[in-house]
K.L.:
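I have a structure here, written as structure tokens, and I will follow up with some questions on it.
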Amino acid sequence: MNRLLSLATALALHAAIATPAALAQTSVKLNLVPLPSTRQQVDLTMDTRMNMSMRLPADAPEQARAEAEQLKAAMPLTMTMAMRQTLSTSAKAADGGYTLDAEMATLKTEMRNASGQLQPLPPPMTFRFNARLKDDQFEQIDMQLPATAASQALSKELQEQLFNQSFDWMRKFNGVTLKVGESIEVPVEMNLPMGASKQLGKVVGRYTLTGVRQGVASFDVAVTMAMDVALPVSAPASAAATSAAASSATEATAPAPAASAPAEVKGSMTATGSGKMDVRLADRLMLRSTMSMTMGMDMAGPQGKLLRMDTQMNMASTGKALPAVKKKVEKVTPAKPASKS
């Protein structure tokens with residue numbers, strides 16, 4: 001889920017800002033839809049440091065206490081990740097529409113415990129989607145999610161709902177004019193039923209235009225997020241579910257104590273972040289961005305157990321325009337002259 005959201009965020013950061021030349025140094029008119037006949041690449045890096053601890057009730061068995069100590073000894077977990085997002089759009093058709101193809105691929109991911117030992121991680125995944133754009137709107141959407149059990153459980157309708165919610169803030173930007181020093185606050189509701197589980201929350205982004213220099217608009221960015229998660233599980237999967245819930249918040253799995261009775265894992269997460277973003281106006285390219293986020297998450301498990309996670313994430317990205325794809329010219333081999341015979 002985070003990777004998909006990570007895909008949505010990266011695309012939105014290709015922020016398109018169209019502005020009249022007369023106002024270029026004092027204001028910008030926001031439009032976040034990619035231009036036609038465009039090819040762009042954004043490389044993203046993320047460094048994460050996470051601490052997890054298990055709080056147990058006074059009557060917890062010795063085995064649970066030993067597992068909690070083992071978890072504590074492995075902390076902190078550190079993870080590095082490198083991703084690449086590419087997008088391309090076609091030329092406009094006669095009706096003014098064009099297509100968008102996008103891909104988010106994981107280039108590298110690595111997690112280590114406090115002793116520096118490598119920890120197991122899910123295999124790298126690639127997310128793809130294409131859409132038809134017209135009049136700055138997404139008309140048709142087709143998502144190609146990795147072939148995992150979670151993605152296969154998503155119906156076509158739910159995939160489109162996920163996409164629409166992820167890109168809802170992009171629509172709210174369109175048409176807004178900002179002067180230097182002004183801000184726009186964009187709230188996005190995240191109401192995502194994922195099979196038997198639910199994720200309910202809100203993400204609020206605040207963007208303040210700090211200047212426009214040589215065709216590049218600069219922003220200060222502030223983000224807040226609050227989310228509740230409910231995940232029903234059955235024995236003996238409670239521990240795995242707790243670990244999976246931790247994974248959804250941190251992009252990684254981690255050890256979790258076992259349980260033997262059916263339970264529902266519930267959690268709440270809050271996060272705040274701040275950063276900067278530079279967007280080139282002419283081709284709607286996100287040149288640079290940085291973001292530092294602090295997250296806290298509590299997962300209430302069975303038998304009075306409580307898993308606490310504190311995470312610090314530092315993200316950075318750089319973008320560049322790619323040259324247009326050259327059309328292949330097929331060589332025509334001249335026919336051999338017919339023989340006299």
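The figures here come from the full heavy-atom set of this structure, side chains too, leaving out hydrogens, waters and symmetry mates. All residue numbers refer to positions in the sequence shown, counting from 1.
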K.L.:
Apply side chain to side chain donor-acceptor pair (under 3.5 Å) to S90 and list each qualifying residue two or more places apart in sequence or on a separate chain.
P.N.:
T99
K.L.:
Who passes side-chain contact (heavy atoms from CB on, under 4.5 Å) against E62, sequence neighbours left out?
P.N.:
R65
K.L.:
Show the nearest heavy-atom pair for residues M295 and A271, with the distance to one decimal.
P.N.:
CG-CB, 3.3 Å
K.L.:
Taking the side chain as C-beta and beyond, is there a heavy-atom pair between Q312 and T48 under 4.5 Å?
P.N.:
no
K.L.:
Working note: R308 + M297, criterion side-chain contact (heavy atoms from CB on, under 4.5 Å); need CA distance, chi angles, decisive distance, verdict.
P.N.:
CA-CA 6 Å; R308 171 68 184 181; M297 186 170 187; 6.0 Å; no
K.L.:
Kindly indicate whether the side chain of L285, heavy atoms from C-beta on, has any atom under 4.5 Å from the side chain of V279.
P.N.:
no
K.L.:
Holding to side chain to side chain donor-acceptor pair (under 3.5 Å), I want the full list of residues that pass it with D101, two or more places apart in sequence or in another chain.
P.N.:
none
K.L.:
Given N51, which partner from the list K72, M75, M309 fulfils the side chain to side chain contact (heavy atoms under 4.5 Å, CB included) test?
P.N.:
M75
K.L.:
K92: what forms a side chain to side chain donor-acceptor pair (under 3.5 Å) with it, not counting sequence neighbours?
P.N.:
none
K.L.:
Looking at every non-hydrogen atom in both residues, tell me the closest pair between L35 and A282 and how far apart they are.
P.N.:
CD1-O, 3.8 Å
K.L.:
Any donor-acceptor pair under 3.5 Å linking the side chain of Q40 with the backbone of D283?
P.N.:
yes
K.L.:
As an exercise, state the distance from CG of L77 to CD of Q119, rounded to the nearest 0.5 Å.
P.N.:
6.0 Å
K.L.:
What pair of heavy atoms forms the shortest contact from A91 to S37, and how long is it?
P.N.:
CA-OG, 3.3 Å
K.L.:
Answer yes or no: is there a side-chain heavy-atom contact under 4.5 Å between L178 and L30?
P.N.:
yes
K.L.:
Go through the steps for K202 and D228 under the test salt bridge (Lys or Arg N to Asp or Glu O under 4.0 Å), then give the verdict.
P.N.:
CA-CA 10 Å; K202 177 184 286 188; D228 293 323; over 6 Å; no
K.L.:
Do side-chain atoms of R284 reach the backbone of V33 as a donor and acceptor pair under 3.5 angstrom?
P.N.:
yes
K.L.:
Indicate whether the side chain of S317 and that of Q85 have a donor and an acceptor atom separated by less than 3.5 Å.
P.N.:
no
K.L.:
Quick one: are T45 and D47 in side-chain contact, heavy atoms under 4.5 Å?
P.N.:
no
K.L.:
Is a donor on one side and an acceptor on the other found under 3.5 Å between the side chain of N113 and the backbone of S115?
P.N.:
yes
K.L.:
Under the 3.5 angstrom rule, does the side chain of E185 hit a backbone N or O of S183 as a donor-acceptor pair?
P.N.:
no
K.L.:
Dump the intermediate steps for side-chain contact (heavy atoms from CB on, under 4.5 Å) on T109 and M79, then the final yes or no.
P.N.:
CA-CA 7 Å; T109 180; M79 185 174 70; 4.2 Å; yes
K.L.:
Might you point out which heavy atoms bring A321 and R280 nearest each other, and give the distance in Å?
P.N.:
CB-NH2, 4.0 Å
K.L.:
Measuring only between side-chain heavy atoms, which start at C-beta, is K134 closer than 4.5 Å to Y98?
P.N.:
no
K.L.:
Can you find a heavy atom in the side chain of V180 that is under 4.5 Å from one in the side chain of V28?
P.N.:
no
K.L.:
Are the side chains of L100 and T38 in contact, using a 4.5 Å heavy-atom criterion?
P.N.:
no
K.L.:
Rounded to the nearest 0.5 Å, how far apart are CG of L306 and CE of M54?
P.N.:
8.0 Å
K.L.:
M111 versus P120: any side-chain heavy-atom pair under 4.5 Å?
P.N.:
no
K.L.:
Calculate, to the nearest 0.5 Å, the distance between atoms CG and OG belonging to D310 and S53 respectively.
P.N.:
7.0 Å
K.L.:
With sequence neighbours left out, which residue pairs that include part of residues 107-116 fulfil the salt bridge (Lys or Arg N to Asp or Glu O under 4.0 Å) condition?
P.N.:
E110-R112
K.L.:
Could you walk me through whether L44 and R84 satisfy the side-chain contact (heavy atoms from CB on, under 4.5 Å) test, starting with their C-alpha distance in whole Å, then the side-chain angles of each, then the deciding distance to 0.1 Å, before giving a yes or no?
P.N.:
CA-CA 6 Å; L44 305 99; R84 174 167 293 170; over 6 Å; no
K.L.:
I'd like to know if the side chain of R39 reaches the main chain of P323, judged simply by a donor and an acceptor atom lying under 3.5 Å from each other, with no hydrogens or angles considered.
P.N.:
yes
K.L.:
Go through the steps for K305 and L56 under the test side-chain contact (heavy atoms from CB on, under 4.5 Å), then give the verdict.
P.N.:
CA-CA 5 Å; K305 299 174 183 178; L56 302 174; 3.8 Å; yes
K.L.:
Would you name the heavy atoms of A114 and A73 that are closest together and state the gap between them?
P.N.:
CB-O, 3.8 Å
K.L.:
When rounded to the nearest 0.5 angstrom, what is the spacing between CG in L209 and OG1 in T26?
P.N.:
9.5 Å
K.L.:
If we count only N and O atoms by modelled type, under 3.5 Å, do the side chains of T86 and Q41 hold a donor and an acceptor together?
P.N.:
no
K.L.:
Could you give the distance from CE (M293) to CE (M313), rounded to the nearest 0.5 Å?
P.N.:
7.0 Å
K.L.:
Enter the distance from M269:CE to T311:OG1 here, rounded to the nearest 0.5 Å.
P.N.:
9.0 Å
K.L.:
Using distance only, find each side-chain donor-acceptor pair of residues 215-227 under 3.5 Å and give its atom names and separation, not counting sequence neighbours.
P.N.:
residue	atom	partner	partner atom	Å
S218	OG	D278	OD1	2.8
D220	OD1	K276	NZ	2.7

